[in-house]
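See below for the structure under consideration.
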There are 2 protein chains.
Amino acid sequence: MTSALDFSTDNCQVARTMAILGERSTVVVLREVFNGVRRFDDMQRHSGVPRQVLSNRLAMLVDEGILRRVPYRPEGGRERHEYRPTAKGLDLYPVLTALAEWGARYVADPEGPAVEMRHRDCGEPVHVALECGAGHRLDDPREVVPAPGPGAIAVR
Amino acid sequence: MTSALDFSTDNCQVARTMAILGERSTVVVLREVFNGVRRFDDMQRHSGVPRQVLSNRLAMLVDEGILRRVPYRPEGGRERHEYRPTAKGLDLYPVLTALAEWGARYVADPEGPAVEMRHRDCGEPVHVALECGAGHRLDDPREVVPAPGPGAIAVR
DNA sequence: GTGGCTGAGTCTGTCAAACAGACCTAGGAT
DNA sequence: ATCCTAGGTCTGTTTGACAGACTCAGCCAC
C-alpha cells in the first residue's frame with residue numbers, strides 16, 4: 001500500500017505556494033489589488049495592514065512576479081507607481097475565488113458575503129467547479145484524491 | 001463611479017478565511033490530512049512542522065470545525081486519536097486544488113508537481129474551472145470581476 | 001524662495017509567534 | 001521494573017507583526 005509518507009514534502013508545490021501566500025497579509029493585499037485598489041496609501045487605509053508590512057508584501061509580490069509596479073502621472077503631479085497583477089498574479093483568481101466561496105459559506109455575516117466574484121460579461125456570480133481530465137464534474141469533494149505527481153520524490 | 005474603497009473590509013470573508021488558513025503552516029497540515037496522514041507523529045515527521053506549532057494548528061482546526069479528532073485503537077495498543085476532515089474541511093478541496101494547480105504551473109520542479117489531485121472514479125487529474133451562474137465557462141481570469149456582495153458595508 | 005501638502009515609503013521600539021530541542025506522561029510490551 | 005511509543009508540553013532564542021513617528025521628493029500657493 002503506497003502512502004503519502006513514502007514521498008518527500010521538500011518539493012511540494014502547495015507548501016511552496018503557501019510560502020508565498022501564507023505570509024499573514026499577503027492575500028489581503030492581493031484582494032485589494034484585484035479589487036482595483038492599487039496605490040499604497042489607499043491600500044493601507046482600506047485594508048489596515050501596517051505600512052511596514054504592506055511595503056514588505058508588495059516588494060515580495062513584485063519580486064515573485066505576481067504584481068508589477070506601473071508608473072503613472074496624475075494630472076499636475078509627479079510620477080507615481082501603482083501595483084497591478086501580472087499574468088502569474090491573475091492566475092491566482094481561482095484561488096481567490098475558491099477562498100471567497102468557502103468564506104461566503106462558512107465565515108460570512110448572516111447578511112451575506114462582503115465580496116462576490118462576478119462574470120465581467122454577464123454579471124452572474126462566478127464559482128469554482130472541479131473537473132477531471134475526462135470531463136467529469138466532481139460535485140462532492142470526496143471524489144478528489146491526492147496522488148504523487150511526476151515530481152514526487154520517494155523516501156525511506 | 002463605485003470603488004472598492006467605498007466599502008469596509010471589516011467583514012470581508014476572504015480576510016476571515018485567511019485568518020484561519022493564513023497561519024503559517026495551517027495549509028501544510030491540511031495537505032497532510034487530505035493526503036491521508038492523520039496521526040500526530042506521522043504528520044510531524046513528514047511535514048517538518050515543529051511539534052508545538054502542529055499541536056496549535058490541529059487544535060485550532062478542530063476548534064474551527066475543519067478537522068475532528070476520531071478515536072481508534074490499534075491492535076494491542078491503547079486508544080489513540082486521529083485527525084480527519086469534516087464536511088467543512090472537505091469543502092476546502094477546491095482551495096487546495098487551486099493552490100496545487102497554480103503551484104504546479106509556477107513553483108514546481110521541472111520534473112513536475114510533487115502532488116496531483118485525481119478523480120477517485122476515473123483517475124484523471126482534477127482541475128478547477130471558473131463558471132458563472134449563467135453557465136458560462138471563464139477561460140481567462142480577466143473575465144472575473146470582484147463586486148460588493150449583500151453583506152458589504154458602505155463607508156465614508 | 002519658503003513653507004506646506006501629499007504619496008510613498010523607512011526607522012524604532014514593543015510584543016506576539018515561530019522554532020529547535022529537551023522534557024513529560026500514559027499505557028502496553030519485554 | 002524498565003523500556004518503548006505516541007502525542008504531546010515546557011523553555012529559551014530569534015524572527016515577524018504592529019503602532020507610531022520620522023523622512024523625502026516633488027508640486028503648489030504665497
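To find a chain, count down the sequence lines: A is the first, B the second, and so on, and within it residues start at 1. Hydrogens, waters and symmetry mates play no part in the numbers below; they use all other heavy atoms, side chains included.
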When the distance from [atom1] of [X] to [atom2] of [N] is rounded to whole Å, what number comes out?
X	N	atom1	atom2	result
Glu79(A)	dA25(D)	CD	C1'	12 Å
Arg38(B)	dA6(D)	CZ	P	18 Å
Glu23(A)	dC18(D)	CD	P	12 Å
Arg57(A)	dC18(D)	CZ	P	9 Å
Gln44(A)	dC18(D)	CD	C1'	11 Å

Q. Knowing that exactly one of Val37(B), Val49(B), Val28(B) qualifies, which makes a side chain to side chain contact (heavy atoms under 4.5 Å, CB included) with Met43(B)?
A.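 For Met43(B), the side chain to side chain contact (heavy atoms under 4.5 Å, CB included) check succeeds only for Val37(B).
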
Q: Dump the intermediate steps for salt bridge (charged side-chain N to carboxylate O under 4.0 Å, His left out) on Glu23(B) and Arg57(B), then the final yes or no.
A: CA-CA 8 Å; Glu23(B) 302 267 354; Arg57(B) 289 302 164 275; 3.3 Å; yes

Q | Sugar-phosphate only, base, or nothing, as touched by Arg45(A) at under 4.0 Å among non-hydrogen atoms | A |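 No contact.
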
Q | Test salt bridge (Lys or Arg N to Asp or Glu O under 4.0 Å) applied to Glu82(A) and Arg68(A), Arg73(A), Arg69(A), Arg39(A), the passing residue | A |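 Running salt bridge (Lys or Arg N to Asp or Glu O under 4.0 Å) over Arg68(A), Arg73(A), Arg69(A), Arg39(A) with Glu82(A) returns exactly one hit, Arg39(A).
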
Side-chain donor/acceptor of [X] to backbone N/O of [Y], under 3.5 Å:
X	Y	result
His46(B)	Ala4(A)	yes
Asp63(B)	Ala59(B)	no
Gln13(B)	Val115(A)	yes
Lys88(B)	Glu64(B)	yes

Between protein and nucleic acid, restricted to nucleotides 8-11 of chain C and to nitrogen or oxygen atoms under 3.5 Å apart, what atom pairs and distances do you find?
residue	atom	partner	partner atom	Å
dA8(C)	OP2	Phe40(A)	N	3.4
dA8(C)	OP2	Asp41(A)	N	3.4
dA8(C)	N7	Arg51(A)	NH2	3.0
dG9(C)	OP2	Tyr83(A)	OH	2.9
dG9(C)	N7	Arg51(A)	NE	2.7
dG9(C)	N7	Arg51(A)	NH2	2.5
dG9(C)	O6	Arg51(A)	NE	3.4
dT10(C)	OP2	Ser55(A)	OG	2.7
dC11(C)	N4	Gln52(A)	NE2	3.2

With 3.5 Å as the limit, what N/O pairs link the protein to nucleotides 1-3 of chain D?
none

Q: Before giving the answer on salt bridge (charged side-chain N to carboxylate O under 4.0 Å, His left out), spell out for Arg137(B) and Glu131(B) the whole-Å C-alpha distance, their side-chain angles and the decisive distance to 0.1 Å.
A: CA-CA 5 Å; Arg137(B) 233 188 109 100; Glu131(B) 284 184 355; 5.7 Å; no

